[in-house]
Peer 1: 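What follows is a single structure, and I will ask about it in a moment.
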Amino acid sequence: MNLNQDKHGEAKWMQLPRDVVVGTGVINDITNVCNDLKLGSNALIVTGKKTRYIAGNTVHDELEANGRNVEMLITSSATMDEVKRVEDEAMKYGSNYLLGVGSGNSIDVAKLAATKLDIPFLSVPTAASHDGIVSSRASIIHDSKTTSIQSNAPMAVVADTEIIANAPYRLLAAGCGDIISNYTAVLDWELAHRLRNESFSEYAASLSRMTAKILLDSADSIKPDLESSARLVVKALVSSGVAMSIAGSSRPASGSEHMFSHALDSIASKPALHGEECGIGSIMMMYLHGGDWEMIRDGLKKIRVPTTAKELGIEDKYIIEALLISHTIRPERYTILGTSGLTSDAAEAVAKTTGVIS
Ligand SMILES: [Zn+2]
């Protein structure tokens, strides 16, 4: 099915989560959510080695105490092999739905496996580090490259802000980087619309931009160990996810800054967090757009998201190298980087002028 039709007169398919439950202790409402969605009796939980103890076991016990058959599978990497393993196990157990309980890998793996099996998927994030907790994209490592694969949106998102506030602050800050990068993603989308006549949704673009703006306006109140901060970021991630659902693609929240992040992941020996890389990418891409890159940088700084290669823990040379190959990451996605990318002089200039490298 083509979910990307947006031209006048053509069908438009928006897939949104049906239940989004955000708040203190909502993990204990998991059975109510499953009942509300009229899900079957066999559940398969995909969780991580650590997140199992943070939330996986709670979800397991909660569902089991309410008469469901629950199996649990521990995953440690978001690879195609793991997706296949989850599919096989789900078939074996006759699972009616999958729950991804964790911060990244578990959600991506469960999301894609559920899509392939054509069964419901519920997202139970233990951290708010990227918009994948709500979106219809799964980040999967394929041939040692991270690729973003179209999947079904979660049928429900159960985000317990008490759990999310207890996760390392670095994860929440990275989530903010992912949201702030909406600014450049939307600029890239507008550019592609003007230059390539790519279909464009004003509603999706406005929602995405507004989400980033609300977050930046509240930057002062995003602090470690505060449940109110976790709530703010989760709501913004949900809002970004809805923008992508309206667009039927990740366009409103993923442009050249995301290509830079994927490029960095493919070359740096020790990549940083997705949202951190996107934040830095967004500073530089905003500079290339001729926009207010200082606003992006200052907002990130306030929230304590890295704004330099040093803070990212990545050598300067990888920043330049990533800038030079970013345009090749997703060639069908037209951005400010164009079809031939930057020259090395230009790459060095943007990284130095914005203070990303010294
Ligand atoms: Zn992202």
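Every number for a ligand or one of its atoms is a count from 1 in the order of the listing.
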Peer 1: Classify the side-chain pair E227/T161 by whether it contains a donor and acceptor separated by less than 3.5 Å.
Peer 2: yes

Peer 1: Using the ring of each side chain (for Trp, its six-membered ring), is H193 parallel, tilted or perpendicular to F200, with breaks at 30° and 60°?
Peer 2: parallel

Peer 1: Could you tell me whether the side chains of E277 and S261 share a donor-acceptor contact shorter than 3.5 Å?
Peer 2: yes

Peer 1: If you have a sec, read the angle at the Zn ion (ligand 1) from H258 atom NE2 over to D178 atom OD2, to 10 degrees.
Peer 2: 140°

Peer 1: Answer yes or no as to whether an N/O/S atom of H274 is found below 2.8 Å from the Zn ion (ligand 1).
Peer 2: yes

Peer 1: Output yes if H130 passes the N/O/S-under-2.8 Å test against the Zn ion (ligand 1); output no otherwise.
Peer 2: no

Peer 1: Is the shortest distance from a Lys or Arg side-chain nitrogen in E82 or R85 to a carboxylate oxygen in the other one below 4.0 Å?
Peer 2: yes

Peer 1: For the Zn ion (ligand 1), decide whether D131 has an N, O or S atom at a distance under 2.8 Å.
Peer 2: no

